[in-house]
Amino acid sequence: MEANNNEYFTLALCLVIIATSSISVNSQWAQDGVTVAGNHEWGDSGNQLQLPEGLFVNDDQTLIIADFGNHRIIEWKVGEKSGQVVADDSCKRIQLCQLKWPTDVLIDKQTDSLIVCDHGNRRVVRLPRQSETSQGEILIDNIYCRGLAMDHHRYLYVSDYKKHEVRRYQIGDKNGTLVAGGNGKGVGLNQLNFPSYLFVDRQQNVYVSDKENHRVMKWNKDAKQGIIVAGDQGEGNGLRQLSNPRGLFVDTLGTLYVADSMNHRVMRYSQGSKQSAVIVIGNGRGSEANHLNELGGLSLDSRGNLYVVDHYNNRVQRFSLE
């Protein structure tokens with residue numbers, strides 16, 4: 001069994017490497033987005049979203065979306081006109097899939113299950129992707145969760161925005177190990193202020209959207225304090241500034257991508273540099289193809305296409321790698 005698990009993790013790691021192998025330091029993206037989920041109108045039908053938050057892009061380009069305002073998780077295959085609700089507040093047989101304001105979601109590929117930050121119920125839950133196969137379970141309770149990540153060892157990382165900390169959990173462990181923050185709200189390098197989205201690299205270094213400090217922090221494995229890797233000049237719209245950063249992604253070159261939410265743009269930071277470039281939009285708030293209206297989750301697929309949750313436009317936009 002151990003050998004099979006190691007083979008699985010090796011395969012999963014290879015998929016991560018493949019996922020960004022087409023991107024170079026000079027890559028550029030189209031500035032007109034294509035709507036791949038939602039239809040701009042606020043609603044709860046199968047082809048609509050309501051204030052979406054977190055986003056997970058599966059290997060087959062299926063989008064898993066935390067549809068915050070509709071209290072549901074929806075799977076949406078790229079190219080289809082509507083999605084499939086996989087968990088919502090109307091579930092009867094599986095009570096644990098009765099969600100309230102979910103903010104983030106990911107797939108645990110080994111068990112083919114969803115792990116959901118069930119924000120309004122103050123818990124993290126695991127739900128089966130196929131509801132008839134098994135029951136759900138509460139992984140962590142009494143937590144003000146906001147963001148989730150999982151490393152290639154299947155450790156789960158969860159941000160708690162009330163405690164201003166991030167903890168790492170082995171599945172089955174409800175206490176976890178502190179890996180970022182935990183020293184109260186503040187601007188010190190050992191502090192966070194409303195941590196939200198997370199990304200964990202292959203070395204188990206943790207990237208945190210330190211939302212109300214308007215910066216992104218990197219906490220190296222076992223470090224006692226973090227490093228500012230984006231947004232070191234306070235809130236604003238300059239190239240070294242951010243405003244309420246949210247979704248994060250780090251590619252195999254170590255390049256950091258940040259959903260700069262209130263500036264309605266996506267930023268890129270080369271490894272080891274706080275200098276940035278606006279790679280998508282920067283045209284201010286709007287609903288056209290070349291505008292965004294506050295950002296949520298962010299991810300890239302195996303072809304280097306960039307996916308951004310366009311929160312107040314109730315949609316997910318894809319920006320193609322040129």
Side-chain angles (χ1 to χ4, degrees), residues 33-58 61-90 97 99-107 114-121 124-125 127 129 145-149 159 161 196-199 209 211 244-249 257-266 280-281 285-289 291-301 305-319:
V34 174
T35 301
V36 292
N39 63 4
H40 179 60
E41 297 295 331
W42 171 307
D44 61 2
S45 67
N47 67 341
Q48 293 177 308
L49 300 170
Q50 184 170 310
L51 304 177
E53 290 268 356
L55 172 71
F56 184 90
V57 180
N58 203 13
Q61 290 190 307
T62 298
L63 310 180
I64 316 295
I65 304 164
D67 192 8
F68 178 86
N70 284 322
H71 311 289
R72 67 187 185 183
I73 303 298
I74 189 165
E75 290 194 11
W76 206 306
K77 288 189 178 295
V78 172
E80 295 190 355
K81 299 296 184 182
S82 61
Q84 176 184 356
V85 177
V86 292
D88 67 4
D89 64 350
S90 67
C97 71
L99 304 175
K100 184 177 181 180
W101 301 322
T103 56
D104 208 0
V105 60
L106 57 81
I107 295 178
L114 302 174
I115 297 179
V116 181
C117 178
D118 190 9
H119 165 75
N121 287 317
V124 177
V125 298
L127 302 173
R129 291 184 70 189
C145 59
R146 198 71 185 183
L148 301 170
S159 62
Y161 72 91
S196 57
Y197 290 92
L198 306 172
F199 188 93
S209 275
K211 181 174 174 286
N244 290 283
R246 299 179 77 185
L248 300 174
F249 192 91
Y257 303 81
V258 181
D260 188 8
S261 180
M262 296 296 287
N263 284 324
H264 321 292
R265 65 188 185 182
V266 178
V280 168
I281 308 302
R285 187 191 305 265
S287 60
E288 301 301 319
H291 288 81
L292 297 167
N293 190 353
E294 296 192 24
L295 282 63
L298 176 152
S299 189
L300 284 88
D301 68 15
N305 298 313
L306 183 67
Y307 297 79
V308 182
V309 171
D310 192 5
H311 182 71
Y312 277 113
N313 282 326
N314 306 296
R315 64 189 183 185
V316 177
Q317 295 291 89
R318 181 182 67 196
F319 298 89

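One-based numbering along the sequence shown.
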**Q** Just how far is it from atom CG of Leu55 to atom CG of Leu295, taken to the nearest 0.5 Å?
**A**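 The distance works out to 11.0 Å.
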**Q** If I compare all heavy atoms of Val258 with all of Leu298, which pair ends up nearest, and what's the gap?
**A**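 In this case the closest contact between Val258 and Leu298 is C-CD1, 4.0 Å.
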**Q** Before giving the answer on side chain to side chain donor-acceptor pair (under 3.5 Å), spell out for Gln317 and Asp310 the whole-Å C-alpha distance, their side-chain angles and the decisive distance to 0.1 Å.
**A** CA-CA 7 Å; Gln317 295 291 89; Asp310 192 5; 5.2 Å; no
**Q** Quick check: does any side chain N or O of Ser299 sit under 3.5 Å from a backbone N or O of Tyr307, one acting as donor and the other as acceptor?
**A**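 Looks like no, no N/O pair under 3.5 Å.
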**Q** Please tell me if the side chains of Leu306 and Phe249 come closer than 4.5 Å, counting only heavy atoms from C-beta onward.
**A**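 The answer is no; the side chains never approach within 4.5 Å.
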**Q** Classify the ring geometry between Phe68 and Trp101 as parallel (under 30°), tilted (30 to 60°) or perpendicular (over 60°).
**A**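 Plane angle under 30°, so parallel.
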**Q** Would you compute the distance between atom CD1 of Ile65 and atom CZ of Arg315 and round it to the nearest 0.5 angstrom?
**A**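 Output value for this atom pair is 13.0 Å.
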**Q** Of the non-hydrogen atoms in Gly46 and Ser82, which two are nearest, and what is the gap between them?
**A**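 For Gly46 versus Ser82, the nearest heavy atoms are O-CB, 3.3 Å.
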**Q** Please report the interatomic distance OG1(Thr62) to CG(Asp301), rounded to the nearest 0.5 Å.
**A**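 Here the rounded value is 11.5 Å.
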**Q** Tyr312 and His264: aromatic ring centres closer than 6.0 Å?
**A**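 Judged by ring-centre distance (under 6.0 Å), Tyr312 and His264 do not meet the cut-off.
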**Q** How long is the straight-line distance from CD1 of Ile64 back to CD1 of Ile115, given to the nearest 0.5 Å?
**A**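 So the CD1 of Ile115 and the CD1 of Ile64 are separated by 12.5 Å.
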**Q** For the side chain of Asn121 and the backbone of Leu99, is there at least one donor-acceptor N/O pair under 3.5 Å apart?
**A**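 Here the side-chain-to-backbone pair does not exist.
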**Q** Which atom pair, heavy atoms only, marks the closest approach of Gly296 to Ala259?
**A**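 The answer is O-CB, 3.6 Å.
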**Q** Specify the closest pair of heavy atoms between Met262 and Asn244, including all atoms of both residues, with the distance to one decimal.
**A**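 Residues Met262 and Asn244, closest heavy atoms: CG-ND2, 3.2 Å.
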**Q** Testing the basics here: between Asp104 and Arg146, what is the closest heavy-atom pair and its distance to 0.1 Å?
**A**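 Shortest heavy-atom contact: CB-O, 3.7 Å.
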**Q** Distance from Leu148 atom CG to Cys117 atom SG, nearest 0.5 Å?
**A**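 Nearest 0.5 Å value for the CG-SG distance: 5.0 Å.
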**Q** Ignoring hydrogens and angles, tell me if any N or O in the side chain of Asn39 forms a donor-acceptor pair with the backbone of Glu41 under 3.5 Å.
**A**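 A pair under 3.5 Å: yes.
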**Q** Would you check, one step at a time, whether the test salt bridge (Lys or Arg N to Asp or Glu O under 4.0 Å) holds for Glu53 with Arg246?
**A** CA-CA 9 Å; Glu53 290 268 356; Arg246 299 179 77 185; 2.3 Å; yes
**Q** Ile281 vs Phe319, test: side-chain contact (heavy atoms from CB on, under 4.5 Å). Steps then yes/no.
**A** CA-CA 10 Å; Ile281 308 302; Phe319 298 89; 3.9 Å; yes
**Q** Does any non-hydrogen side-chain atom of Leu300 lie less than 4.5 Å from one of Asn305?
**A**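 No, side chains not in contact.
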**Q** Does a side-chain heavy-atom distance below 4.5 Å link Val280 with Val308?
**A**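 They are not in side-chain contact.
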**Q** Check for a donor-acceptor pair, side chain of His311 on one end and backbone N or O of Pro52 on the other, with a separation under 3.5 Å.
**A**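 Checking the backbone N and O of Pro52 against the side chain of His311, a donor-acceptor pair under 3.5 Å is found.
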**Q** Which atom pair, heavy atoms only, marks the closest approach of Asn47 to Ser45?
**A**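 Heavy-atom minimum between the residues: OD1-OG, 2.5 Å.
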**Q** Is a side-chain N or O of Asp260 found less than 3.5 angstrom from the main chain of Val266, in a donor-acceptor match?
**A**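 Side chain of Asp260 to backbone of Val266: no pair is present.
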**Q** Below 4.5 Å, heavy atoms only, C-beta onward: do Arg129 and Ile107 meet side chain to side chain?
**A**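 Yes, their side chains come closer than 4.5 Å.
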**Q** Take Val86 and Ile74 through the side-chain contact (heavy atoms from CB on, under 4.5 Å) test and state the conclusion after the steps.
**A** CA-CA 6 Å; Val86 292; Ile74 189 165; over 6 Å; no
**Q** Nearest 0.5 angstrom please: Asp118 CG to Thr103 OG1, how far?
**A**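 Answer rounded to 0.5 Å: 8.5 Å.
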